[in-house]
Enquirer: 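Got a structure here, written out as structure tokens. Questions coming.
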Amino acid sequence: MNKTYYSKLIFELSRPGRVGYSLPKNEFEGYSLVQLGATQSRQTKTLLPECDELTVVRHYTNMSNNNFGVDTGFYPLGSCTMKYNPKLNEELCQLPGFNIHPMTPAKYAQGSLKLYDEVQKTLAEIAGLSRFTLNPYAGAHGELTGLMVIRQYHMSRGDVARTKIIVPDSAHGTNPASAAVCGLQIVEVKSLADGTVDVEALKPLLGPDIAGMMMTNPNTLGLFETKIPEIARLVHECGGLMYYDGANLNPMLGVCRPGDMGFDVMHINLHKTFSTPHGGGGPGSGPVGVRKGLEEFLPNPKPLSNSPEGEGLYLRCEESSLGYISFFLGNFGIIIRAYAYLLSLGKENIPMAGKLSVLNANYIKESLRSHYELPIDTVCKHEFVFDGLREEYGGDHHSPEHVTTLDVAKRLLDYGFHAPTIYFPLLFHEALMIEPTETESKETLDDFIAVMKKIAEEAKADPQLLKTAPHDTPVRRMDDVKAVKEPKFTFKAL
Ligand SMILES: *Cc1c(COP(=O)(O)O)cnc(C)c1O
């Protein structure tokens, strides 16, 4: 099934003088009000492609067919929640009433402000916290905002010595990065062999210089951190706050709440859990929630009610806030999508999303453990990690001939699946991290399981087949280093 690859550049399709538009006659021709000087005018003609409309339509349609996305096939990328995003939400976020200028006076923007407030309140209920800001632009941005809340809280009490933050070794890379950007010093705490945080290793790290601790739950191995109540008690006793990385809240939806576990501050990725297409670096949203007593530190501006200006919601800036972290109210289109998603599922169905994502992950894990190495054998949440092929299929991990996780990932492409996350988390050599999400049918999961077993059999019978994969994709195995170090972005005119 060798897919053809469309590789033309629009400049190659260009023909001098060909146009795809018609404009009314310029009535002001010759009435130039301002003459640009020689230094401001370009000396050469702009290189723009000249094409007719149909050529442009075909070019971009063909190019879009090169894409692989959730809408074209199974995308089990761990730690990413590549679930299906209902098309209705795309339509709703484009309703003309929401297309308003950010400086619109509040009394004319009540609909948008009310939507913000309802999403804020719903997230607070889902998380078991008091209040959310929807202003941050991404998960990592939410982490930074949440850590700034923690710092602002300590500073407000004159507790200025708390400059360190505890981060588990299994954390997503953004955790230590956000902490560093926030000016905090990172103290790493080790994980036990079962993948959860080592409480005994945590105890000696606690003291009057600790601002708090960041935890991801389910953690990066897809495991529920069962010792959270004890950890939260220890951190609180030493005066620190608990931060919850809720980027992957999907499996917890409607099942359990970070606020009830003892967390004080958290972020959620709307673009993972609450239905916004992502993965291509597009706009995201990382709302941050806080427990009672920390609301005043959330970033400005805040839509607040009971204003002296009258009924409704108004944008307020509070003195005690950590300040601005974004323009206005964040990526508003994503907040609208989240609202549409929350309302379509409703309170009764939200827990189903979480539970089904867990069921699907465990179904794949149990179906494939005969062929792939399962380093941590327990019930997982929305995702789990294999440590490459089992020895009887892939050979000894330490031998240079063994069939690697990279080979398996490349071979999957031949069968029309997106590869799972590979070589992350760093705790295992041949990590293969699979997250199916709740939106996949049993048939899709079964197809994937059958292909993964077939690949294991191929690895045993004909390792070279995997080592030279992919075979049927438009481009074969790429030089990853060269692609990063010497990318070619420019077209040289002939
Ligand atoms: C995705 C993710 C993040 C970062 O979110 P971005 O929106 O990509 O910045 C942080 N933590 C975890 C656990 C994640 O999975």
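For ligands, and for the atoms within them, numbers begin at 1 and follow the listed sequence.
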Enquirer: Could you tell me how the ring of Phe384 sits relative to the ring of Phe386: parallel (under 30°), tilted (30 to 60°) or perpendicular (over 60°)?
Expert: perpendicular
Enquirer: Between Tyr243 and Phe263, is the gap from one ring center to the other below 6.0 Å?
Expert: no
Enquirer: Only pairs at least two apart or in different chains count here, so list each ring pair (Phe, Tyr, Trp, His ring centres under 6.0 Å) that has a residue in residues 75-95.
Expert: Phe68-Tyr75, Tyr75-His418
Enquirer: Near ligand 1, which protein residues have a heavy atom under 4.0 Å away?
Expert: Ser79, Ala138, Gly139, Ala140, Glu143, His172, Thr174, Thr216, Asp245, Ala247, Asn248, Asn269, His271, Lys272
Enquirer: Looking at every non-hydrogen atom in both residues, tell me the closest pair between His172 and Asp245 and how far apart they are.
Expert: CB-OD2, 4.3 Å
Enquirer: Does Lys87, at its NZ atom, have more than 12 non-hydrogen atoms belonging to other residues, nucleotides or ligands within less than 6.0 Å?
Expert: yes
Enquirer: Testing the 3.5 Å rule here: is there a donor-acceptor pair between the side chains of His278 and Thr276?
Expert: no
